Amino acid sequence: MTEVSISFPGIGIDWFTIDKIAFSIGPLSVRWYGIILTLGIVAGVLYAMFRSKEEGIPREHVLDYAIWVVLLAIIGARLYYVLTTLKTDTGEWRYDGFLDVIAIWEGGIAIYGAIIGGALGVILVSKFKKYDKTKLLKICDMVAPGVMLGQIIGRWGNFVNGEAHGVETSESFFLRMGLMGAADTEYVNKPTYYHPTFLYESLWNLIGFVLINLLYRKKKYDGQVLLMYLAWYGFGRMLIEGLRTDSLYIGVFRISQVVGFLCFIICTTLLVYLHIRGKQKEKDGAEYAPVYENLHGTVLQRRSNTEEEQASESAEAQEATAPEEDPFDRQAKEKE
């Protein structure tokens with residue numbers, strides 16, 4: 001059974017049925033979930049390319065990063081899920097062999113694993129390109145909001161699958177999501193209403209994405225945007241995860257809730273510390289650049305360097321195209 005019926009009565013959306021499979025080519029079935037995740041990845045890469053100019057990163061380098069970051073993010077997302085679901089509720093091993101471990105087409109990925117794998121990809125490509133720490137943090141700032149954009153879109157893949165929802169809620173709750181499926185599915189053949197946690201997370205990330213972009217050009221140091229993203233997402237995920245019914249656990253703790261809490265506390269502490277440190281430097285008459293150079297100064301310097309290079313190239317071009325002086329005219333001028 002690949003169909004599920006969904007409704008959002010509180011906002012006027014009546015029951016409609018979605019087939020999880022978008023289309024099939026022979027024995028190969030392409031699911032909406034995969035299409036939506038792919039759109040999220042493409043949007044994230046395009047965003048990074050948009051920001052690459054002001055961070056001084058060549059666009060072709062962004063594509064180099066995209067290949068490896070996406071690949072390692074997928075591997076990380078699957079590996080994280082597998083390592084946290086090694087055994088079933090009855091204590092039996094869930095995965096019988098390597099094929100079961102890599103069977104990503106059967107579902108089972110985790111966003112924190114994708115972030116860890118993607119971060120490893122950024123570090124490895126930066127090492128290969130011999131980028132220093134300054135460039136590495138610029139790239140992290142450039143990529144972080146793109147990841148958030150990918151999450152905003154990607155969560156709607158959970159929607160078409162009728163998954164990643166929260167606990168049951170009453171029929172009077174404004175944002176209730178109704179699910180109904182056949183008797184042999186996880187949804188009984190009657191409407192049941194849940195918290196649409198996929199929607200909560202998508203909206204939370206949308207607000208964060210807008211705020212971060214409004215503040216992007218005002219950032220004081222490289223790495224600030226990355227810290228803002230991790231703090232914002234961590235706080236939201238910590239709260240939303242508490243409503244979900246499909247959380248991954250270690251003992252009695254929801255893993256994503258603990259990770260979200262740590263991201264929020266650590267990154268917020270760093271943001272506050274670096275802000276206070278920067279303000280103190282301003283008070284002492286020093287430039288506010290607690291980690292590396294001020295972005296605005298970097299952009300102006302880069303523009304200045306570019307203008308100088310263009311002026312130099314123009315002068316060289318004029319010299320190259322100028323007509324050569326006749327030797328007889330030169331001798332006549334020397335006699336005079």
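Heads up: numbering here begins at 1 and tracks the sequence. Worth knowing before you read on, the calculation uses all heavy atoms, side chains too, and leaves out hydrogens, waters and symmetry mates. Being a predicted model, the structure only gives us computed values, none of them experimental.
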Suppose we screen for side-chain hydrogen bond (donor to acceptor under 3.5 Å, both in side chains). Which residues come up paired with S247, at least two apart in sequence or across chains?
E241, R254
I'd like to check [X] versus [Y] (side-chain heavy atoms, cut-off strictly below 4.5 Å). Are they in contact?
X    : Y    : result
Q151 : I111 : yes
R244 : R237 : yes
W68  : L124 : no
I104 : Y81  : no
Y80  : I255 : yes

Can you tell me if [X] has over 12 outside heavy atoms packed within less than 6.0 Å of its [atom1]?
X    : atom1 : value
F253 : CZ    : no
Y273 : OH    : no
I250 : CD1   : no

Would you say the side-chain atoms of [X] pair up with the backbone N or O of [Y], donor to acceptor, closer than 3.5 Å?
X    : Y    : answer
R78  : G108 : yes
T197 : A164 : yes
S52  : M49  : yes

For F261, which residues count as a ring-ring contact (aromatic ring centres under 6.0 Å, His included) partner, sequence neighbours excluded?
none
For F159, the ring-ring contact (aromatic ring centres under 6.0 Å, His included) test, sequence neighbours excluded, returns W156, F198
Mind checking side chain to side chain contact (heavy atoms under 4.5 Å, CB included) for [X] and listing every partner two or more places apart, or none if nothing turns up?
X    : value
F209 : Y47, P145, M148, L149, I152, N213
D132 : T134, K135
V252 : none
A144 : L226, Y229

Among pairs that include at least one residue of [range], which meet salt bridge (charged side-chain N to carboxylate O under 4.0 Å, His left out), considering only residues two or more places apart or in two chains?
range            : result
residues 141-150 : D141-K219
residues 164-178 : none
residues 147-156 : R155-E201

Mind checking who shares a hydrophobic cluster with L28, ILVMFWY linked at side-chain heavy-atom distances under 4.5 Å?
none
Does anything in residues 117-127 pair up under side-chain hydrogen bond (donor to acceptor under 3.5 Å, both in side chains), and if so which pairs, sequence neighbours excluded?
Y65-S126
So which heavy atom on S5 is nearest to which on T17, and how close?
OG-OG1, 3.0 Å
If hydrophobic clusters are built by linking Ile, Leu, Val, Met, Phe, Trp and Tyr wherever their side-chain heavy atoms come under 4.5 Å apart, do I21 and F23 end up in the same one?
no
Taking a hydrophobic cluster as the set of Ile, Leu, Val, Met, Phe, Trp and Tyr residues connected by side-chain heavy atoms closer than 4.5 Å, whether directly or through intermediates, do Y249 and I240 fall within one such cluster?
no
